[in-house]
Asks: 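Have a look at this one before I ask anything.
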Amino acid sequence: MDKGSSSLGKAYGAALAYAVIIGFSFVFVKFALRSAGPVDLLAHRFTVSFAAANVLLMAGRGRARFTWAGVLRLLPIAVFYPSLFFMFQSFGLFYISSSEAGIIQAAIPILTMVLAAVFIREHSTGWQKLFILLSVGGVAFIVFMSGGETGSDGWRMAGYCLMLISAFSSAAYNVMARRLTQTHSVAEMTYMMMGVGFIVFNAIAVSQHVSAGTLMTYFQPFVEPRFVVSILYLGLMSSLLTSYLTNYALSRIQASQMSVFVNLSVVVTIGAGVIILGEVLAWYHVAGAALILGGVVGANARGRRKAKLL
């Protein structure tokens, strides 16, 4: 196997590992939300991930050399993801159902494909576009068949807009990170992302507690073992490691190819729900999963063939 094929294989391996970790993360989010609110959960999650990033940096794991110019170049991707992505996602879920949110989030690969073509001249083939749409259709089919309660009509449009901004933030990150991986190390990018997430979500959470007079309860969830296990998984695996894996994959494959793995995590989430939480596996889960898997494999197989031809 030549060096290029080996590097490409590692990139796809990183993307697959990302999808698996993210897929299982929803189980741990459910566990953690029994002890803490959404904003507190995000704050504690990125506190753990940023602390771990600092330990790795001091231990000399990864190449990270920061300059003011470099920080300013990396700041936008950290603002888009995780800050804006999670923030607008959390507020959007107040007004619309998780099913509706899932459909909008499934559009991330399409938004990424469009932004990549406009800003970094990264064009997908006709077959890749078709397979990406197939993957999105699989997610849309699952969430449509699942149904779900929606918010009041007066606020539903606000929820749609917030969730769309969240999806756009993720797509913008994919495109910007794809370009920045050519000039910055994966360690530098990951560290900045965890640092900004730590500052933003802790600032919001602490402000809320101060205004409500409940600051003394901020770290109370940590007395529960299940919360500790969940927050360690979310902070170390689902935030720090997945950010590293995403940045690594984006340094070697197209942004649109990487983004389609977001939809693959839906399949993993369904499996995790059945195995760990005892949820029911319906026929439409299987049908939708088949569409998603077909789309992911097809989009990346065509992308790999295109890379070889180039």
Asks: H44 and ring pair (Phe, Tyr, Trp, His ring centres under 6.0 Å): which partner among F50, F222, F198?
Replies: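 The single option meeting the ring pair (Phe, Tyr, Trp, His ring centres under 6.0 Å) with H44 is F222.
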
Asks: Supply the atom-to-atom distance E122 CD to Q254 CD, rounded to the nearest 0.5 angstrom.
Replies: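 Here the interatomic distance stands at 4.0 Å.
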
Asks: OG of S25 to OH of Y233: how many Å apart, nearest 0.5 Å?
Replies: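 The OG atom of S25 sits 6.0 Å away from the OH atom of Y233.
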
Asks: Can you measure from CG (L250) to CD (Q182) and round to the nearest 0.5 angstrom?
Replies: 10.0 Å

Asks: Check for a donor-acceptor pair, side chain of R179 on one end and backbone N or O of F119 on the other, with a separation under 3.5 Å.
Replies: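 Yes: the side chain of R179 pairs with the backbone of F119.
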
Asks: Students often mix this up, so state it plainly: with edges at 30° and 60°, are the rings of Y81 and F86 parallel, tilted or perpendicular?
Replies: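 Because their plane-to-plane angle lies in the 30° to 60° range, the rings of Y81 and F86 count as tilted.
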
Asks: With the side chain counted from C-beta on, respond yes when F141 and Y284 share a heavy-atom pair under 4.5 Å apart, and no when they do not.
Replies: yes

Asks: Below 4.5 Å, heavy atoms only, C-beta onward: do E188 and L74 meet side chain to side chain?
Replies: yes

Asks: For the OH atom of Y18 and the OG atom of S238, what is their distance to the nearest 0.5 Å?
Replies: 8.5 Å

Asks: Do L180 and N247 touch side chain to side chain, with heavy atoms closer than 4.5 Å?
Replies: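 A side-chain contact under 4.5 Å is absent here.
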
Asks: Mind listing the closest non-hydrogen atom pair of L240 and A52 along with its distance?
Replies: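 Nearest pair, atom of L240 first, then A52: CD2-CB, 3.6 Å.
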
Asks: Is any side-chain heavy atom of I276 less than 4.5 Å from a side-chain heavy atom of F24?
Replies: yes

Asks: Are V118 and I77 grouped together when hydrophobic residues (ILVMFWY) are joined by side-chain heavy atoms under 4.5 angstrom apart?
Replies: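 Yes, same cluster.
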
Asks: Could you tell me which non-hydrogen atom of A32 sits nearest to which non-hydrogen atom of L41, and how far apart they are?
Replies: CB-CD1, 3.5 Å

Asks: Test side chain to side chain donor-acceptor pair (under 3.5 Å) on S135 and N263 and set out the steps.
Replies: CA-CA 7 Å; S135 174; N263 291 344; 3.1 Å; yes

Asks: Given 3.5 Å as the limit, does a donor-acceptor pair link the side chain of T217 with the main chain of Q220, or not?
Replies: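 The answer is no, because no donor-acceptor pair under 3.5 Å joins these two groups.
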
Asks: Is there a donor-acceptor pair under 3.5 Å between the side chain of E224 and the backbone N or O of P221?
Replies: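 Not a single qualifying donor-acceptor pair exists.
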
Asks: Find out whether I132 and S256 are in side-chain contact, i.e. whether some heavy atom of one side chain is under 4.5 Å from a heavy atom of the other.
Replies: yes

Asks: To the nearest 0.5 Å, tell me how far I22 CD1 sits from S265 OG.
Replies: 6.5 Å

Asks: Is any side-chain heavy atom of M193 closer than 4.5 Å to one of Y173?
Replies: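 Heavy-atom side-chain distance check passes, below 4.5 Å.
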
Asks: What residue among P82, S230, S239 forms side-chain contact (heavy atoms from CB on, under 4.5 Å) with R45?
Replies: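 Answer after filtering P82, S230, S239: S239.
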
Asks: Can you confirm whether T181 sits close enough to R252 that some side-chain heavy atom of one is under 4.5 Å from a side-chain heavy atom of the other?
Replies: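 No - every pair of side-chain heavy atoms lies 4.5 Å or more apart.
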
Asks: Does Y218, at its OH atom, have more than 12 non-hydrogen atoms belonging to other residues, nucleotides or ligands within less than 6.0 Å?
Replies: yes

Asks: So, do F46 and N202 sit near enough that their side-chain heavy atoms are less than 4.5 Å apart?
Replies: no

Asks: Is the backbone N or O of I253 less than 3.5 Å from a side-chain atom of R178, with the two atoms forming a donor-acceptor pair by type?
Replies: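 Indeed, once roles are kept as given, a pair shorter than 3.5 Å links the two residues.
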
Asks: Is a donor on one side and an acceptor on the other found under 3.5 Å between the side chain of H209 and the backbone of V206?
Replies: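 Checked: no pair found.
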
Asks: Between S251 (side chain only) and Y248 (backbone N and O only), is there a donor and an acceptor less than 3.5 Å apart?
Replies: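 It does hold such a pair.
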
Asks: Which pair of heavy atoms, one from A116 and one from V175, lies closest together, and at what distance?
Replies: N-CG2, 3.6 Å

Asks: When rounded to the nearest 0.5 angstrom, what distance separates OG in S83 from CZ in F201?
Replies: 5.0 Å

Asks: Do you know the tightest heavy-atom contact between T269 and G23?
Replies: OG1-O, 3.0 Å

